[in-house]
Amino acid sequence: MKFEKIAAPKGVSEYAPPDSAAFEWVRQSLIDPAKLAGYQLIELPVFEDTTLFSRGVGESTDVVSKEMYTFEDRGGRSITLRPEGTAGVMRSVIENSLDRGQLPVKVWYSGAFFRAERPQAGRYRQFYQVGVEAIGLDDPAIDAEVIAIADRGFKKIGLKNYRLEITSLGDAKSRAAHRVDLLKFISTLTLDEATAARAAINPLRLFDDKRDEMKQAMEKAPLLMDYLSPESESHFKQVLAYLAALKVEYVLNPRMVRGLDYYTGTTFEFVHSDLGAQSGIGGGGRYDGLMETLGGQNLSGIGFGLGVDRALLAAKAEGLIAKSAFSSDLFLIPLGDNAKGAALSISAQLCELGIVTEIAFGDRALKGAMKAADKSGSRYVIVLGEAELASGQVEIKRMSDGATSSVKISDLSGFAFDK
RNA sequence: GUGGGCGUAGCUCAGCUGGUAGAGCACUCGGUUGUGGUCCGAGAUGUCGCGGGUUCGAGCCCCGUCGUUCACCCCA
């Protein structure tokens with residue numbers, strides 16, 4: 001009887017050994033700066049009430065209108081696998097009344113997100129993000145801190161070929177004034193059907209068109225940056241000043257467009273140059289009305305989401321991922337059933353001391369076990385047979401040069417495995 | 001949702017103008033009894049993605065289908 005194999009669902013990313021070590025390292029590198037800045041973990045469900053996203057992220061966005069994994073649960077509720085992180089954080093902050101305590105609320109998260117898109121390089125249906133949110137304060141210094149945290153994460157990985165693009169989408173007043181002129185400008189262009197439809201949903205989208213003729217046509221379009229209200233402008237200038245003080249390099253991109261409707265004010269994106277079409281490795285911004293829209297207080301916030309998968313691809317592209325990172329301290333090769341029992345208890349003791357200890361299970365030939373020890377990258381090997389059990393004395397072999405020395409089993413915990 | 005490339009052993013691939021499958025790596029065992037990395041020898045592994053068609057004969061040609069990949073769209 002032979003069963004058919006089952007493949008992973010289309011477009012998901014997964015990280016099995018030995019590559020998983022690099023993934024883990026990248027993810028942790030992105031998380032560490034947030035923790036060091038006093039942000040605390042928020043662990044949220046991967047599925048939420050569909051309304052959270054349709055109302056929070058915006059009905060008109062691509063993400064909501066055609067990329068969500070939405071289904072009905074057994075109670076007839078409409079459930080959606082989270083396509084992004086901020087809305088869920090807001091929901092939880094409101095639900096747990098975190099916004100009634102010390103402000104800002106500073107949290108970080110890490111986990112899987114889902115979008116039903118056509119997969120391609122760097123774009124998956126299940127992907128991983130690390131994000132932070134700072135909620136409840138308008139201070140431009142927080143904008144700068146949040147951006148700097150993301151930047152430190154990428155630096156920690158060692159990435160160099162990326163840039164931080166930044167702009168301000170202004171407040172409601174700024175955008176209203178700009179919109180009038182932008183629509184007027186767009187009405188002078190001749191657009192194909194699809195483009196006209198996009199312009200109707202969000203005229204800013206036209207700034208993002210990749211076709212040369214559209215880029216040219218949009219060159220004279222009025223820029224939102226020139227319509228910033230005095231408050232928005234001074235806030236943005238402050239943010240830039242703080243970034244300069246932090247020595248975080250940035251380039252202004254007044255034509256930046258983001259796909260989520262809730263962004264206002266400071267908005268940014270990290271773009272990597274070695275990645276192909278999906279070059280954004282992180283992005284975020286301020287969101288003034290989101291919390292209120294979701295039934296909470298009228299508090300602003302700022303945050304980002306960083307793509308772990310893409311950061312890993314970027315690190316690979318820059319040659320920052322070493323081959324086999326895994327290694328253990330000690331490899332135990334037991335010969336016979338008695339020895340296996342002894343190996344298990346030796347391993348248990350050493351593992352408790354933080355010494356990475358593996359055992360060659362199964363009754364394989366000694367040569368095969370030695371090969372396995374070699375492959376595992378273990379620094380030391382001990383063969384455990386009847387003689388050793390009887391004498392309580394083992395030969396410990398250093399794999400780098402083959403040197404052996406004699407040690408009492410009872411003294412193993414004091415052995416210097418790091419040499 | 002739209003368009004292009006590709007689908008041969010676990011992996012990377014070869015397979016000439018159609019004649020019923022190969023290499024390297026990896027894996028297992030062995031090269032005198034219990035010590036790896038090099039070397040040598042032996043071995044296992046494929047419904048050539050799937051279905052149909054053309055042909056005496058198809059991995060190679062045609063059609064369909066599925067998968068995968070890259071790009072558009074959009075985004076992390």
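Every chain is numbered from 1 and lettered A, B, ... according to where its sequence line falls, protein lines coming before strand lines. Values reported hereafter were calculated over all heavy atoms of this structure, with side chains retained and with hydrogens, waters and symmetry mates removed.
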| Nearest-Å distance for atom pair CE/P, residues A:M370 and B:rG31 | 16 Å
| Taking atom types as they are modelled, is there a donor-acceptor pair under 3.5 Å from the base of B:rG36 to the side chain of A:D374? | yes
| message | Please determine whether any donor N or O and acceptor N or O are separated by less than 3.5 Å between the side chain of A:E386 and the base of B:rG34. | response | no
| note | Partner of B:rC25 under the Watson-Crick or G-U wobble criteria, both distances under 3.5 Å, comes out as B:rG10
| Taking only N and O in the side chain of A:K10, is any of them less than 4.0 Å away from OP1 or OP2 of B:rU68? | yes
| said: Regarding A:G402, tell me which of base, sugar-phosphate or nothing describes its non-hydrogen contacts under 4.0 Å with the strands shown. | reply: base
| request: Kindly give the heavy-atom pair with the smallest separation between A:V57 and A:T61, and that separation in Å. | output: O-CG2, 3.5 Å
| query | Contact class for A:E388 (heavy atom, under 4.0 Å): base, sugar-phosphate, or nothing? | reply | base
| query | What integer number of Å spans the P atoms of B:rG43 and B:rU35? | reply | 26 Å
| Given the side-chain rings of A:F270 and A:F304, with only the six-membered ring counted for Trp, is the space between their centroids under 6.0 Å? | no
| field | Salt-bridge contact A:D32-A:R152 (side-chain N to carboxylate O under 4.0 Å) | value | no
| Closest listed nucleotide, where the reference is the side chain of A:D62 and the choices are B:rC73, B:rA71, B:rG36 | B:rC73
| With a 4.0 Å cut-off on heavy atoms, is A:I281 in touch with a base, just the backbone sugar-phosphate, or nothing at all? | sugar-phosphate
| request: Among the candidates B:rG36, B:rU35, B:rG30, find the nucleotide nearest to the side-chain atoms of A:A365. | output: B:rG30
| task | Scan A:A373 against the nucleic acid and name what it touches under 4.0 Å (heavy atoms): base, sugar-phosphate only, or nothing. | result | nothing
| message | Base, sugar-phosphate or nothing for A:A387? Non-hydrogen atoms, less than 4.0 Å. | response | base
| request: Between A:S400 and A:V257, just flag the one whose closest nucleotide in RNA chain B comes earlier from the 5' side. | output: A:S400
| query | What distance, rounded to whole Å, do you find between the two P atoms, one in B:rG64 and one in B:rG22? | reply | 33 Å
| task | Can you label the angle between the A:F207 ring and the A:H178 ring as parallel, tilted or perpendicular, going by 30° and 60°? | result | parallel
| note | As its Watson-Crick or G-U partner within any shown strand, both distances under 3.5 Å, B:rU2 has B:rA71
| Can you check whether A:E358's main-chain N or O pairs, donor with acceptor, with A:S328's side chain at less than 3.5 Å? | no
| request: Could you check whether A:S378 gets within reach of a base, just the sugar-phosphate, or nothing at all, counting any heavy atom under 4.0 Å? | output: nothing
| Side-chain N or O of A:Q120 less than 4.0 angstrom from OP1 or OP2 on B:rC70? | no
| request: Verify the ring-centre separation between A:F23 and A:Y128: is it less than 6.0 angstrom? | output: yes
| Checking all strands, does A:R118 fall into the base, sugar-phosphate, or nothing category for heavy-atom contacts under 4.0 angstrom? | base
| query | Charged N to carboxylate O below 4.0 Å: is that the case for A:K160 and A:E318? | reply | no
| Nearest atoms (heavy-atom pairs only) where A:L275 meets A:S279 | CB-CA, 4.1 Å
| request: Would you mind pulling out the nucleotide paired to B:rU54, Watson-Crick or G-U wobble, both distances under 3.5 Å? | output: none
| Does the base of B:rA76 carry an N or O that pairs as donor and acceptor with the side chain of A:E117 under 3.5 Å? | yes
| said: Measuring only the C1' atom in each nucleotide, how far is B:rU28 from B:rU65? A whole number of Å is fine. | reply: 38 Å
| task | Return the nearest nucleotide to the side chain of A:Q278; candidates are B:rG37, B:rU35, B:rC73. | result | B:rC73
| Can you find a donor-acceptor N/O pair under 3.5 angstrom joining the side chain of A:K375 to the base of B:rG37? | no
| task | Report the base-pairing partner of B:rG36 (Watson-Crick or G-U wobble, both distances below 3.5 angstrom), or none. | result | none
| query | Quick one: is A:R258 getting a side-chain N or O under 4.0 Å of the B:rA76 phosphate, OP1 or OP2? | reply | yes
| field | Polar side-chain contact A:K367-B:rG31 base: donor and acceptor under 3.5 Å | value | yes
| query | What is the nucleic acid contact for A:F113, judged by heavy atoms within less than 4.0 Å: base, sugar-phosphate only, or nothing? | reply | nothing
| message | Taking any heavy-atom pair under 4.0 Å as a contact, classify A:Q129: base, sugar-phosphate, or nothing. | response | sugar-phosphate
| said: When the P atoms of B:rU47 and B:rG31 are compared, how many Å lie between them, rounded to an integer? | reply: 33 Å
| said: Heavy-atom nearest nucleotide on RNA chain B for A:G368 versus A:P9: which residue maps closer to 5'? | reply: A:G368
| Nearest-Å distance, CG (A:L366) to P (B:rC29)? | 11 Å
| field | Side-chain-base donor-acceptor pair under 3.5 Å for A:R123 and B:rC73 | value | yes
| query | How is A:E67 classified with respect to the nucleic acid when contacts are heavy atoms under 4.0 Å: base, sugar-phosphate, or nothing? | reply | sugar-phosphate
| field | P gap between B:rU68 and B:rG49, integer Å | value | 16 Å
| query | Are the ring of A:F127 and the base ring of B:rA76 both nearer than 5.5 Å at their centres and tilted by less than 30°? | reply | yes
